[in-house]
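Please read the structure below before turning to the comments.
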Amino acid sequence: MTRLILDCDPGIDDALALLLACGSPELELLGITTVAGNRPAGITAANACRLMGLAGRDDVPVFAGAVRPLAQAEARCNLVHGEDGLGGVVLPAGRAPAAEHASDFIARMLLAEPAGSVTLVAVGPLTNLALAEIKHPGLLRRAKALVVMGGAAFRPGNITPLAEFNFHADPLAASTVMESGRQVHMFGLDVTSKAVMAADWIESLGMLDTRCGRAAHAMLRAYALEDPLLHDACPVAWLLEPSLFKGEACTVEVDWLPGPNEGRSCARRLRSDSSTDGERVNAIVYTHVDGPRLLALVRERIATLP
Ligand code: RIB
Ligand code: CA
């Protein structure tokens, strides 16, 4: 059983990651934390509550988090997922998020649970994780694993020529997490650009004839026109079936100073874990995924939901 906290900014591909997690009994969801990213913090929190209600998982608490990045005054959002963040798909209003701030929940759980027992999966800007680390130095090293969707190690970005959206939305937070001392499983555009959603697969979700299948189908039909990539499901799928992916030991630094390089993830492959280059492997950068098996896993698990 993997005990995890899923930090996200729903967002349609975040929604698929949430549904995949809810449909996977191998995972114990300790809580969902949300952050400003695709859409402002109030929207991403409300969307997470709606999605957990849709999946019949109101037993899992949702914690709203950072409303802005560490070093910029305003959240850097986008409209790829629509104004409402869910492609205009109207879901029943969920319950309200818990009162505790997301970063405080993350810190409380990592400090209260035995070291190495809680996995953090983050599929939005990393502000909540960075805030928790800054308030409790060394905190992230207590995680069993840090599994992140973000960055673009050996290929262009998707929000600037050099940067991927999550890392660009809060570059200082991304740098803080990459430098935390806990190796990051990094699912950047290098691998998620290969997680392509086929049109017939999207249609097959609608044929599940369940509320979750219908909602996923409707959201993806809107989203796939702009970005037909299943970015955020990759980290969750890796927890379920690591053999779907191939990665490389790297050292990764994130440019966080304002300017054209902001949010860029500078990666160098290293020959081994105990590198002779005198550089530390702080990330496993994933570069390949078995796309058809990934799509089959996601559909199989969504099919188990109401
Ligand atoms: O670059 C893709 C990432 O940015 C995904 O997490 C998507 O949801 C957006 O947040
Ligand atoms: Ca996301």
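Indexing begins at 1, ligand by ligand and atom by atom, following the structure's order.
Of the listed residues (Leu70, Leu129, Thr176), just one forms a side chain to side chain contact (heavy atoms under 4.5 Å, CB included) with Asp170, and that residue is Leu70.
Applying the 4.0 Å criterion to heavy atoms of Glu164 picks out, from ligand 1, the atoms 1 (O), 2 (C), 3 (C), 4 (O). Set against the non-hydrogen atoms of Phe165, the atoms of ligand 1 under 4.0 Å away are 1 (O), 4 (O), 9 (C), 10 (O). Close approach of ligand 1 to Asn38 is summarised as follows: ligand atoms under 4.0 Å from at least one heavy atom of the residue are 7 (C), 8 (O), 9 (C), 10 (O). Heavy-atom contacts of Asp14 reach the following atoms of ligand 1: 8 (O) (cutoff under 4.0 Å). Within the listing of ligand 1, atoms 3 (C), 4 (O), 5 (C), 6 (O), 9 (C), 10 (O) sit less than 4.0 angstrom from a heavy atom of Asn166. Counting atoms of ligand 1 from 1 in the listed order, those under 4.0 Å from a heavy atom of Val123 are 6 (O). Close contacts between ligand 1 and Asp13 involve ligand atoms 5 (C), 6 (O), 7 (C), 8 (O) [criterion: under 4.0 Å to a heavy atom].
Under 3.0 Å from the Ca ion (ligand 2) lies an N/O/S atom of Val123, whether from backbone or side chain.
Taking the six-membered ring for Trp and the full ring otherwise, the centers of His101 and Phe63 sit at least 6.0 Å from each other.
Between Arg211 and Leu305, the closest side-chain pair of non-hydrogen atoms is not below 4.5 Å. In this structure, the side chains of Gln183 and Val281 come closer than 4.5 Å at one or more pairs of heavy atoms.
In this structure, Arg76 fails the cation-pi test against Phe165, since its NZ or CZ atom is not both closer than 6.0 Å to the six-membered ring centre and inside 45 degrees of the ring normal.
Panel note: side chain Ser204, backbone Trp201; a donor-acceptor pair is recorded below 3.5 Å.
In terms of distance to the Ca ion (ligand 2), the nearest N, O or S atom of Asp232 is named OD2. The name of the N, O or S atom in Asp9 nearest to the Ca ion (ligand 2) is OD1.
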Q.
Go through it in stages, so that I can follow the logic: the residues are Arg301 and Ser24, the test is side chain to side chain donor-acceptor pair (under 3.5 Å), and I'd like the CA-CA distance, side-chain angles, deciding distance and then a yes or no.
A. CA-CA 6 Å; Arg301 298 306 171 94; Ser24 299; 3.0 Å; yes
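Of the heavy atoms in Thr192, none comes closer than 4.0 Å to ligand 1. Contacts between Asp9 and ligand 1 below 4.0 angstrom, taking non-hydrogen atoms only, involve the side chain exclusively.
The aromatic rings of Phe187 and Tyr286 sit parallel, their planes meeting at an angle under 30°, below the 60° perpendicular limit.
In terms of hydrophobic clustering, with Ile, Leu, Val, Met, Phe, Trp and Tyr side chains grouped at heavy-atom distances under 4.5 Å, Leu244 and Val121 are assigned to a common cluster.
By the 3.5 Å distance cut-off applied to N or O atoms, Asn78 is not counted among the residues near ligand 1.
In terms of protein heavy atoms, atom 6 (O) of ligand 1 is closest to Asp232 OD1, 2.6 Å.
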